[in-house]
Chemist: 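One structure, pasted below without further comment.
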Amino acid sequence: VFLSNISIQMFGRCGSISHAYQIFCRIVTKDCFSWVMMLQAFATNGHLHEAEHLFFKIPQTNLVVWNAMIAAYITNNALLKAQSLYESMPEWNLISSTTILTALACSGDLEKAKVVFDSMEERDLIAWNAMLAAYTHSDNIDELTAISQQMPELDIVSWNTILSAYARSGDSHTTEQIFHRMTEVDLVSCTTMLKSYAESGQIGQAQHVFDGLPHRDATSWTVMIEAYSAAGSLTEAVDLFNKANSKDIVTWNAMLSIYAQSGHLEQSKHFFDSMPLQDAATWNTLLAAYSQRGHLIYAQELFHKMPFADSITWSVMIHGYAMNGQMAEAKSLFSTSLIRFQVARVMLGAYASNGLLDEAKGFFDSMPER
RNA sequence: GAUACGUUGGUUCUG
């Protein structure tokens, strides 16, 4: 059972959902781990319905099962369902509350996140850190200090959270000050600092941090590659990409995006074809490149071939049509899009940028989640 | 005995 459970997890992680399920079905005496890992395998591969189905079939549920289902809803953009499950749970632990708190904060609902936090019976450092991060998502830098002073203690994650808040605000000077005052830094702190330097045009400082890294993972390579691209050194970026000994799908996507931004569509397409890993972001990048340069025919062609499509895919197409004055196409695409509420903003902008204010108003009034 | 759930850094559209 142990080995089967591990296999389910492994297949789930590499997207082989049918293999995972086969193994799951062959286990005669499934334990809690088997159920949870299968649930996660479904959820992380976008099969929310199957995950839900499984959840209701689990013979003896416990907190881990409930928490895993909440996480499943969250990763599949079903925050409302996550909330109602959370509220209907027989009991909560630190993990349940922190999970939902973070999701609420990420959706921009700081108030609800606070309510969850305040209702917690006990709070550990992770919960505090989650609340700290919640404030950084609402760009409330001043409140950060207030929160951090209430915290019983701060660890490296707390400091990294604060650091990234300042980095995101564009204040590279304060970011630098905090970074140097930190008693302990790790790869996350350094990458945050590196990005902040890069964004403020200090490529030399960025390179210096990069050189001093204890080890380089795919994230640090990606940030450094983008730093050179942002500084206008495409050659350096390409060079670094070829040197990088740790690359993941994000590194590849970032490089594709750099080619696309540089306007070399042919080269982008070749690079795209050579990619060992692809996901929705990969296809969206190429799609946006075509669409933004007015090659809507190419975009359309690609759109119909896409193995992955998400709300961004639809937004790119609709925005592309709108910018090209093809409102009829934009409208009909919107009506067939699956994730309407994510795309509605773009549709609204489409009406507006074509001067169709009355239609925009009518559309706005018809939005259920406005 | 060993495996599962929460907090901080990187990519694609719009803002």
Side-chain angles (χ1 to χ4, degrees), chain A residues 1-10 31-41 62-72 74 93-103 105 124-134 136 155-165 167-168 186-196 198 217-227 248-258 260-261 279-289 291-292 310-320 322 342-343 345-350 353:
Chain A
V1 179
F2 167 70
L3 285 178
S4 301
N5 290 346
I6 298 281
S7 310
I8 295 173
Q9 186 179 42
M10 203 195 69
D31 61 10
C32 266
F33 292 90
S34 324
W35 290 96
V36 172
M37 281 170 169
M38 193 61 232
L39 185 92
Q40 285 179 282
N62 58 24
L63 263 174
V64 175
V65 171
W66 289 83
N67 292 344
M69 192 61 225
I70 292 182
I74 293 169
N93 64 7
L94 283 165
I95 297 184
S96 336
S97 304
T98 311
T99 305
I100 202 78
L101 186 161
T102 301
D124 64 0
L125 189 49
I126 295 187
W128 276 102
N129 284 340
M131 197 60 229
L132 189 66
T136 75
D155 66 359
I156 191 163
V157 174
S158 328
W159 282 108
N160 285 343
T161 305
I162 295 170
L163 192 72
S164 99
R168 231 176 300 142
D186 61 8
L187 203 51
V188 173
S189 340
C190 294
T191 311
T192 306
M193 191 65 248
L194 163 45
K195 188 168 158 47
S196 175
D217 64 1
T219 301
S220 25
W221 282 105
T222 308
V223 175
M224 197 63 229
I225 290 166
E226 294 203 295
D248 63 9
I249 194 164
V250 176
T251 321
W252 284 90
N253 286 343
M255 197 60 230
L256 175 65
S257 171
I258 290 170
Q261 281 159 31
D279 63 4
T282 317
W283 288 73
N284 289 340
T285 303
L286 194 61
L287 193 72
S291 159
Q292 280 161 1
D310 59 12
S311 62
I312 295 185
T313 314
W314 302 94
S315 304
V316 170
M317 286 307 292
I318 290 172
H319 187 250
Q342 312 252 26
V343 187
R345 291 173 37 161
V346 177
M347 195 58 216
L348 195 57
S353 57

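Residue numbers start from 1 in every chain, and the chains themselves are labelled A, B, ... in the order their sequence lines are given, proteins ahead of strands. All values below were derived from every heavy atom in this structure, side-chain atoms included, with hydrogens, water molecules and symmetry-related copies excluded. Everything numeric here is computed off the predicted structure, so don't read it as measured data.
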Chemist: Side chain of A:Thr102 only, heavy atoms from C-beta on: which candidate in B:G9, B:U3, B:G6 is closest?
Modeler: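 When the side chain of A:Thr102 is considered, B:G6 is the closest of B:G9, B:U3, B:G6.
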Chemist: I'd like to know whether A:Glu226 forms a side chain to side chain donor-acceptor pair (under 3.5 Å) with A:Thr222, so could you lay out the CA-CA distance, the side-chain angles of the two residues, the decisive distance to 0.1 Å, and finally the verdict.
Modeler: CA-CA 6 Å; A:Glu226 294 203 295; A:Thr222 308; over 6 Å; no
Chemist: In chain order, what residues pass the side chain to side chain donor-acceptor pair (under 3.5 Å) check against A:Asp31, with sequence neighbours excluded?
Modeler: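 With neighbours one apart ignored, the set is A:Asn5, A:Ser34.
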Chemist: Heavy atoms only, 4.0 Å cut-off, all strands: where does A:Asp186 land among base, sugar-phosphate and nothing?
Modeler: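 No contact at all - A:Asp186 keeps every heavy atom at 4.0 Å or more from the nucleic acid.
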Chemist: Return the set of residues passing side chain to side chain donor-acceptor pair (under 3.5 Å) with A:Thr102 (not counting sequence neighbours), or none when no residue passes.
Modeler: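 Not a single residue meets the side chain to side chain donor-acceptor pair (under 3.5 Å) criterion with A:Thr102.
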Chemist: Holding to ring pair (Phe, Tyr, Trp, His ring centres under 6.0 Å), I want the full list of residues that pass it with A:Trp159, two or more places apart in sequence or in another chain.
Modeler: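 For A:Trp159 there are no ring pair (Phe, Tyr, Trp, His ring centres under 6.0 Å) partners, ignoring immediate neighbours.
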Chemist: Determine whether a donor-acceptor pair (one donor, one acceptor, N or O, separation below 3.5 Å) exists between the side chain of A:Asn129 and the base of B:G6.
Modeler: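 Not at all, since no donor on one side and acceptor on the other fall under 3.5 Å apart.
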Chemist: Rounded to whole angstroms, how far apart are CG on A:Leu3 and P on B:G1?
Modeler: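 My rounded result for the distance is 16 Å.
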Chemist: Rounded to whole Å, how long is the line connecting atom CH2 of A:Trp128 with atom C1' of B:U8?
Modeler: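 That distance rounds to 17 Å.
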Chemist: Could you give the CE-to-P distance, from A:Met10 to B:U3, as a whole number of Å?
Modeler: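 The distance from CE of A:Met10 to P of B:U3 comes to 18 Å, rounded to the nearest Å.
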Chemist: Atom CG of A:Asn5 and atom P of B:U3: how far apart are they, to the nearest Å?
Modeler: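 In whole Å, B:U3 P and A:Asn5 CG are 11 Å from each other.
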Chemist: Please classify the nucleic acid contact of A:Leu94 as base, sugar-phosphate, or nothing, using heavy-atom distances under 4.0 Å.
Modeler: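 Here A:Leu94 touches the bases of the nucleic acid.
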Chemist: May I have the distance from A:Asp217 (atom CG) to B:U8 (atom C1'), rounded to whole angstrom?
Modeler: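 About 14 Å, once rounded to whole Å.
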Chemist: Need one value for A:Thr161: base, sugar-phosphate or nothing, where a base atom within 4.0 Å counts as base even if backbone is also close, heavy atoms only.
Modeler: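 Here A:Thr161 touches the backbone only, sparing every base.
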Chemist: What does the B/S/- profile of nucleotides 10-15 of chain B look like, 5' to 3', with a 4.0 Å heavy-atom cutoff to protein?
Modeler: BBBBBS
Chemist: Not counting sequence neighbours, which residues clear side chain to side chain donor-acceptor pair (under 3.5 Å) with A:Ser97? List them please.
Modeler: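 With neighbours one apart ignored, the set is A:Tyr86.
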Chemist: List for me each residue that meets side chain to side chain donor-acceptor pair (under 3.5 Å) alongside A:Thr219, sequence neighbours excluded, and say none if there are none.
Modeler: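 Testing A:Thr219 for side chain to side chain donor-acceptor pair (under 3.5 Å), a comparison that skips the adjacent residues, returns none.
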Chemist: Rounded to whole angstrom units, what separation is found between the CG atom of A:Asp155 and the C1' atom of B:G6?
Modeler: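 So the two atoms are 14 Å apart, to the nearest Å.
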Chemist: Please give me the minimum heavy-atom distance between A:Thr136 and A:Arg168, naming the atom from each residue.
Modeler: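 It is O-NH1, 3.4 Å.
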Chemist: Would you kindly give the CG-to-P distance between A:Asn67 and B:A4, to the nearest whole Å?
Modeler: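 Value for this atom pair: 15 Å.
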